[in-house]
Number of protein chains: 2
Amino acid sequence: MATANIKEVARHAGVSLGTVSNVLNRPDTVAPATRQRVLDAISTLGYVRNDSARQLRAGHSRTVAIVVLDVANPFFTDVVRGAEQVVEEAGAMLVVCNSGEDSARERRHLELLEEQRVRGVLITPVGHGPQPNLDKLIDRGIPVVLVDRGTGRANRCSVAVDDVLGGRLAMDHLLDQGHHRIAYLGGPLSIAQVADRHAGAAAALEERDSGAELRVAVTTSLTVAAGRRAAEELLTLPARQRPTAVFCANDLIALGVLQELTARGLRVPADVAIVGYDDIEFADAAAVPLSSVRQPRDQLGRTAAQLLLEEAEPGDAHRHRHVVFQPELVVRRSSDHPRRTRR
Amino acid sequence: MATANIKEVARHAGVSLGTVSNVLNRPDTVAPATRQRVLDAISTLGYVRNDSARQLRAGHSRTVAIVVLDVANPFFTDVVRGAEQVVEEAGAMLVVCNSGEDSARERRHLELLEEQRVRGVLITPVGHGPQPNLDKLIDRGIPVVLVDRGTGRANRCSVAVDDVLGGRLAMDHLLDQGHHRIAYLGGPLSIAQVADRHAGAAAALEERDSGAELRVAVTTSLTVAAGRRAAEELLTLPARQRPTAVFCANDLIALGVLQELTARGLRVPADVAIVGYDDIEFADAAAVPLSSVRQPRDQLGRTAAQLLLEEAEPGDAHRHRHVVFQPELVVRRSSDHPRRTRR
DNA sequence: CTGGCTGGATGAAACGTTTTAGCCGCTATA
DNA sequence: TATAGCGGCTAAAACGTTTCATCCAGCCAG
């Protein structure tokens with residue numbers, strides 16, 4: 001029950017306490033025979049290091065935390081997996097905290113993490129405002145890396161994906177396929193991602209000067225149901241005004257659109273092409289496999305973790321960096337149907 | 001940078017170190033005036049408790065760990081959310097570890113958690129064999145609760161969902177709807193859940209003595225693609241032998257079946273009824289909303305956490321319990337179509 | 001033979017808490 | 001008046017590491 005400590009191991013092996021510690025931390029500095037005696041003692045006593053004591057001495061822990069908005073969101077789970085990989089390779093441990101978009105919980109987590117003297121924190125903060133809690137952490141010397149939020153702060157690193165570019169990629173693709181009437185579906189626009197993706201699409205359209213038009217339909221949420229409703233609404237338009245392609249702010253909306261259109265007898269992509277965003281697992285598994293803009297999610301996590309570990313490295317003078325990843329368009333059947341360009 | 005400690009706070013407030021500790025831990029035992037002085041000192045110095053020291057003294061931490069097979073699996077994310085809620089209410093912290101079905105990583109995690117003297121571990125172990133690592137933890141006095149695995153061990157609590165009952169529910173429902181030719185799709189059978197759900201379905205069929213028949217089609221995995229292939233195969237049967245209902249070992253398979261059948265011009269549920277398992281988020285959002293057997297996932301997590309905390313409670317003599325939850329059938333359109341009973 | 005060096009071990013300090021025993025001055029009780 | 005009790009506080013020990021200054025024996029160079 002009462003776990004053996006280093007002192008008992010020392011007594012058992014007939015050496016001093018410091019020697020045991022050396023076996024544990026710098027095995028090459030102790031003579032082979034002694035080392036073996038100590039190792040034997042450790043295994044017969046079932047000794048397990050006490051991390052609290054170790055941390056207390058060291059002044060900081062060997063764990064890194066990641067605070068996400070929602071553990072159940074596939075975006076974050078992939079980011080977590082990426083970060084995990086890097087952190088574990090470095091011999092540290094990643095703990096996952098869930099703020100659930102609740103800033104009180106976020107604050108509580110950060111307080112606890114601070115008490116634990118974690119090595120650093122990867123976080124997608126709730127909201128977009130200033131972050132006094134994070135500044136406090138940074139003041140204390142705990143590195144913070146922002147994930148997919150607020151690029152550009154001077155006192156911390158960040159990683160993000162270029163959503164404007166994502167919108168651009170989708171739009172360029174649809175224009176390449178010869179579409180002239182295109183709709184952007186997504187909302188609310190207060191979500192930065194939704195707005196950025198639209199901005200990218202609009203910019204691409206502008207630049208091409210193709211005479212194509214982009215109609216925006218703002219949805220109230222980013223769900224399958226919202227997609228269905230939006231599609232329903234599109235269907236009220238006379239066929240000649242109806243978009244021949246829709247670009248959706250995320251895949252859930254896109255799937256909703258796909259379902260509704262199919263149910264109403266329209267063919268995808270022949271009658272209407274669809275491009276989604278996120279490339280969730282189901283995109284490929286949809287009735288008509290969905291074209292989608294893919295974000296390098298695990299790489300986001302990996303890079304964030306790397307930046308953090310680099311900053312946490314002692315001596316090294318660290319310069320904050322802001323890494324922006326480029327999304328990638330995955331073309332599948334839902335948009336793979338060139339139109340004869342009229343006009 | 002160098003964070004203030006309790007001693008500095010004491011000096012700053014002109015009291016002894018012990019008094020500061022009392023303010024922190026038993027505020028009512030210290031006179032209001034003194035207390036205020038201490039609190040002021042704490043806030044002006046920006047003092048933050050050092051959890052390592054606290055833990056070292058206490059002999060154990062205030063964190064609970066959950067080790068899951070896959071952080072990205074919706075089943076586990078829901079379990080995590082449930083556990084999180086309970087653990088946080090108890091003022092502790094939940095750390096999520098991901099074994100990724102890799103027993104080496106699982107072992108590594110358990111070692112680290114042991115070093116950290118965590119309060120307890122919720123775990124779905126990799127594989128079904130004996131668990132020496134877990135036994136070691138338990139020997140050390142660290143409570144372990146099994147989640148969805150290996151019910152019935154004597155030295156630990158467990159929570160699980162009755163998969164046999166789940167199979168039974170699905171089957172009873174389909175029989176109630178008047179189906180006579182029914183297929184069970186899922187695999188590999190080496191997965192306990194797949195086997196149990198089938199066992200339940202078979203038992204239900206047996207008991208009803210309805211003359212209905214259950215055809216089993218074993219798939220190689222539990223994916224949408226596997227579902228599609230399985231459906232394709234069913235379609236090779238002459239119509240008179242073709243099942244009028246399929247019960248799938250999970251929703252992914254069910255969605256694949258739904259897609260393939262629809263693509264081949266069969267109507268769901270009119271021609272073929274479908275029941276899935278897990279009630280994933282997409283079940284409701286499918287082209288034809290999918291009937292499915294729902295597991296109380298967050299409750300699984302909540303209960304597991306409760307059992308753990310109860311066991312970790314000191315004085316209290318704890319008796320290990322094995323809680324089995326009952327799944328629930330959610331009927332949606334995919335199976336909502338009674339048949340005229342022939343014969 | 002001496003002095004310096006080296007590999008290998010030791011002892012003690014330090015990390016920051018919590019807790020326990022005890023002290024002090026005061027009041028209520030016998 | 002002595003005593004017990006109590007509220008409020010202090011001093012010191014203890015938790016288990018890591019690290020650092022020492023120490024010792026043996027060895028080599030001079």
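Since the structure is predicted, the reported quantities are computational estimates derived from the model, not experimental observations.
- Without hydrogens or angle criteria, A:D135 side chain to A:I138 main chain gives no donor-acceptor distance under 3.5 Å.
- With rounding to whole Å, B:L24 atom CG is found 10 Å from C:dT17 atom C1'.
- Proximity of a side-chain donor or acceptor of A:R156 to a complementary backbone N or O of A:L146 within less than 3.5 Å is not detected.
- With hydrogens and angles ignored, the 3.5 Å screen pairs a side-chain donor or acceptor of A:H109 with a backbone N or O of A:N98.
- Non-hydrogen atoms lying under 4.0 Å from DNA chain C are contributed by nothing in residues 107-121 of chain A.
- With respect to the salt-bridge test (charged N to carboxylate O, under 4.0 angstrom), the residues B:D51 and B:R54 qualify.
- When atom types are taken as modelled, the side chain of B:N133 and the backbone of B:K136 share no donor-acceptor pair closer than 3.5 angstrom.
- One finds a salt bridge joining B:D70 and A:R81 here, because a Lys/Arg side-chain nitrogen approaches an Asp/Glu carboxylate oxygen to under 4.0 Å.
- With respect to the salt-bridge test (charged N to carboxylate O, under 4.0 angstrom), the residues B:R108 and A:E88 do not qualify.
- Remark: the backbone N or O of B:A13 is paired with a side-chain donor or acceptor of B:R37 at under 3.5 angstrom.
- For the 3.5 Å distance criterion, the side chains of A:N25 and A:S21 qualify, holding a donor opposite an acceptor.
- When DNA chain D is scanned 5' to 3' for any atom under 4.0 Å from a heavy atom of chain A, the first and last hits are D:dG16 to D:dT19.
- Backbone-only contact: B:N25 has heavy atoms under 4.0 Å from sugar-phosphate atoms and none from a base.
- A donor-acceptor distance shorter than 3.5 angstrom exists from the side chain of B:S99 to the backbone of B:V68, with no hydrogens or angles considered.
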Please tabulate, one pair per line, each protein N/O and nucleotide N/O from nucleotides 9-13 of chain C that are separated by under 3.5 Å, including the distance.
residue, atom, partner, partner atom, Å
C:dA9, OP1, A:T34, OG1, 2.2
C:dA9, OP2, A:A31, N, 2.7
C:dT10, OP1, A:S16, N, 3.3
C:dT10, OP2, A:S16, N, 2.7
C:dT10, OP2, A:S16, OG, 3.0
C:dT10, OP2, A:T19, OG1, 2.5

